Amino acid sequence: HPALRTGAYQVMYAEGDVYVFARSLPSETLLIAMNVGTQSAQASVDLTSLSTQPSQLKYGTAEIHWHSDHHLTLHLPARSGCILG
């Protein structure tokens, strides 16, 4: 994905063992989430600042709950990550 190489970088969530960032181009936005901890973790991410909204899980393992107000909640297993696009 070109957005991973050259897209604008934006931190979306960073708390405890969870880090979520976006890489964006005008035509594509990817959301990358990582949990480096030894226990499952949750992150609530506000997507209103993104020009395009990721709509599906492209890689990895996560339970995703989409909210109507451009927020999503990610439940990430221990030592895992995912890419949404």
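None of these values were measured; they are calculated from a predicted model. Residues: numbered from 1 along the sequence shown.
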I'd like to know if [Y] and [X] are part of one continuous hydrophobic network [Ile/Leu/Val/Met/Phe/Trp/Tyr, side-chain heavy atoms within less than 4.5 Å].
X: Ile83; Y: Val11; answer: yes
X: Val20; Y: Leu57; answer: yes
X: Leu31; Y: Ile64; answer: yes
X: Val45; Y: Leu76; answer: yes

Which heavy-atom pair separates [X] from [Y] by the least distance, and what is that distance?
X: Met12; Y: Ala22; result: CG-N, 3.9 Å
X: Ala62; Y: Cys82; result: CB-SG, 3.7 Å
X: Glu28; Y: Ala3; result: OE1-CB, 3.4 Å

Inset, instruction - Take atom CD of Gln56 as the centre, draw a 6.0 Å sphere, and report whether it contains more than 12 heavy atoms from other residues, nucleotides or ligands. - result: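 It does: Gln56 CD has more than 12 such atoms within range.
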Hey, can you pull the donor-acceptor pairs under 3.5 Å for the side chains in residues 46-55, sequence neighbours left out?
unit_1	atom_1	unit_2	atom_2	d
Asp46	OD1	Thr48	N	2.9
Asp46	OD1	Thr48	OG1	2.8
Asp46	OD2	Thr48	OG1	3.4
Ser49	OG	Gln10	NE2	2.7
Thr52	OG1	Thr29	N	3.4
Thr52	OG1	Thr29	OG1	2.7
Gln53	NE2	Leu47	O	2.9

Inset, instruction - Please lay out, stage by stage, how Tyr19 and Ile32 fare under the test side-chain contact (heavy atoms from CB on, under 4.5 Å). - result: CA-CA 8 Å; Tyr19 187 71; Ile32 296 87; over 6 Å; no
Inset, instruction - Look up atom CE in Met34 and atom CZ in Phe21, then write down how far apart they are to the nearest 0.5 Å. - result: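 With rounding to 0.5 Å, CE (Met34) is 4.5 Å from CZ (Phe21).
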Legend entry - CG on Leu72 to OG on Ser44, rounded to 0.5 Å: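 One finds 7.5 Å between OG of Ser44 and CG of Leu72.
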Inset, instruction - Using a 4.5 Å cut-off on heavy atoms from C-beta on, say whether the side chain of His1 contacts that of Lys58. - result: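 Yes - at least one pair of side-chain heavy atoms lies under 4.5 Å apart.
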Inset, instruction - Answer whether the closest heavy-atom distance between the side chains of Leu30 and Leu4 falls below 4.5 Å. - result: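 A side-chain contact exists here, since the closest heavy-atom pair is under 4.5 Å.
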Legend entry - Donor-acceptor under 3.5 Å (Asp17 side chain, Asn35 main chain):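 A pair under 3.5 Å: no.
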Legend entry - Residue pairs passing the side-chain hydrogen bond (donor to acceptor under 3.5 Å, both in side chains) test where at least one lies in residues 72-85, sequence neighbours excluded: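 Qualifying pairs: Gln42-His75, His67-Thr73.
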Legend entry - Non-neighbouring partners of Tyr13 that pass ring-ring contact (aromatic ring centres under 6.0 Å, His included), sequence neighbours left out: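 Applying ring-ring contact (aromatic ring centres under 6.0 Å, His included) to Tyr13 gives none.
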